Amino acid sequence: MQLEIRPDPAEVGRARRWARSRLAGSGITADEPLAETLILLVSELVTNAVVHTGRPAVLRLCLPAPAAGECPSATVRVEVADGSSRAPVPRCAGGDATGGRGLALVDCLADRWGWSPDGAGKSIWCELDRCSAPRESAALAYGGGSSAYEGLAFEAV
């Protein structure tokens, strides 16, 4: 399933609402920790596309079909494709900076993430394993610990 995103910051809220509306049909309840993490990841990736490219984008969600059992093993994928071919670029974000931590946050919360060329643009994606252990705190993305990026934040452009 996918949602067309206009290059307008108001689209971030619309993308969150749209993603929430799709969760129940996949068996992911609103009070499940995965749900809020998923919505935060949608918000970060759509924000990056809207703010840093100024071009339309497409949000895609790949949600598992509802399954019986306590913990269906399934992967949830969030993908945002935009019209900019520029790769995500490392960016140092100081302690007082108001931006520049979006992909560091994605790195801390997602089980996997990456990017690839997509037509004339690119696609940035992340995945969550529904039954994996809870991830480390998002504090890592805000300077509260060490991450694989040693203090670098990433800007998706």
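Here the structure is a predicted model, which means the values were calculated and not measured.
Trp125 and Ile28 sit in two unconnected hydrophobic clusters of ILVMFWY residues. Membership requires side-chain heavy atoms under 4.5 Å apart, directly or through other members. Leu105 and Val51 end up in different hydrophobic clusters when Ile, Leu, Val, Met, Phe, Trp and Tyr side chains are linked at under 4.5 Å.
At distances below 3.5 Å, at least one donor-acceptor pair connects side-chain atoms of Lys122 with backbone N or O atoms of Ser84. Checked by atom type and distance alone, the side chain of Arg17 pairs as donor or acceptor with a backbone atom of Gly13 at under 3.5 Å.
The pair Arg77-Glu79 meets the salt-bridge criterion, with a side-chain N (NZ, NE, NH1 or NH2) lying under 4.0 Å from an Asp/Glu carboxylate O.
Remark: Ser21 engages no residue in a side-chain contact (heavy atoms from CB on, under 4.5 Å) (not counting sequence neighbours). For the side chain to side chain donor-acceptor pair (under 3.5 Å) test, residues two or more places apart in sequence or in another chain that qualify with Ser43 are Arg16.
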request  = Could you walk me through whether Leu3 and Val58 pass side-chain contact (heavy atoms from CB on, under 4.5 Å), step by step?
outcome  = CA-CA 6 Å; Leu3 176 68; Val58 176; over 6 Å; no
key: Evaluation steps, side-chain contact (heavy atoms from CB on, under 4.5 Å), between Trp113 and Val78   = CA-CA 9 Å; Trp113 77 274; Val78 176; over 6 Å; no
ask   = Which is it for Leu45 and Cys126 under the side-chain contact (heavy atoms from CB on, under 4.5 Å) test, yes or no, and what are the steps along the way?
value = CA-CA 9 Å; Leu45 294 181; Cys126 64; 3.9 Å; yes
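The nearest pair of heavy atoms linking Ala74 to Pro64 is CB-CB, 3.3 Å. Across Leu128 and Ala110, no two heavy atoms sit closer than the pair CD2-CA, 3.8 Å.
Summarising the geometry, atom CG belonging to Asp118 is positioned 8.5 Å from atom CG belonging to Asp82; distances are rounded to the nearest 0.5 Å. Atoms CG and CG, from Asp129 and Asp111 in turn, are 4.0 Å apart once rounded to the nearest 0.5 Å. Distance check, rounded to the nearest 0.5 Å: CD1 of Ile124 to OG of Ser116 gives 9.5 Å. Note that CZ of Arg86 and NE2 of His52 are 10.0 Å apart. Values are rounded to the nearest 0.5 Å. In this structure, CZ on Arg22 lies 11.5 Å from CD on Gln2, to the nearest 0.5 angstrom. Interatomic distance, CD of Glu32 versus CG of Leu23, reported as 9.0 Å (0.5 Å rounding).
For the 3.5 Å distance criterion, the side chains of Thr75 and Glu127 fail to qualify, holding no donor opposite an acceptor. Asp31 and Thr29 share a side-chain donor-acceptor pair at under 3.5 Å.
Taking 4.5 Å as the limit, every side-chain heavy atom of Val80 sits out of range of all side-chain heavy atoms of Asn48.
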Throw together a table of side-chain donor-acceptor distances under 3.5 angstrom for residues 33-42, partners on residues two or more places apart or in other chains.
unit_1: Thr37; atom_1: OG1; unit_2: Pro33; atom_2: O; d: 3.2

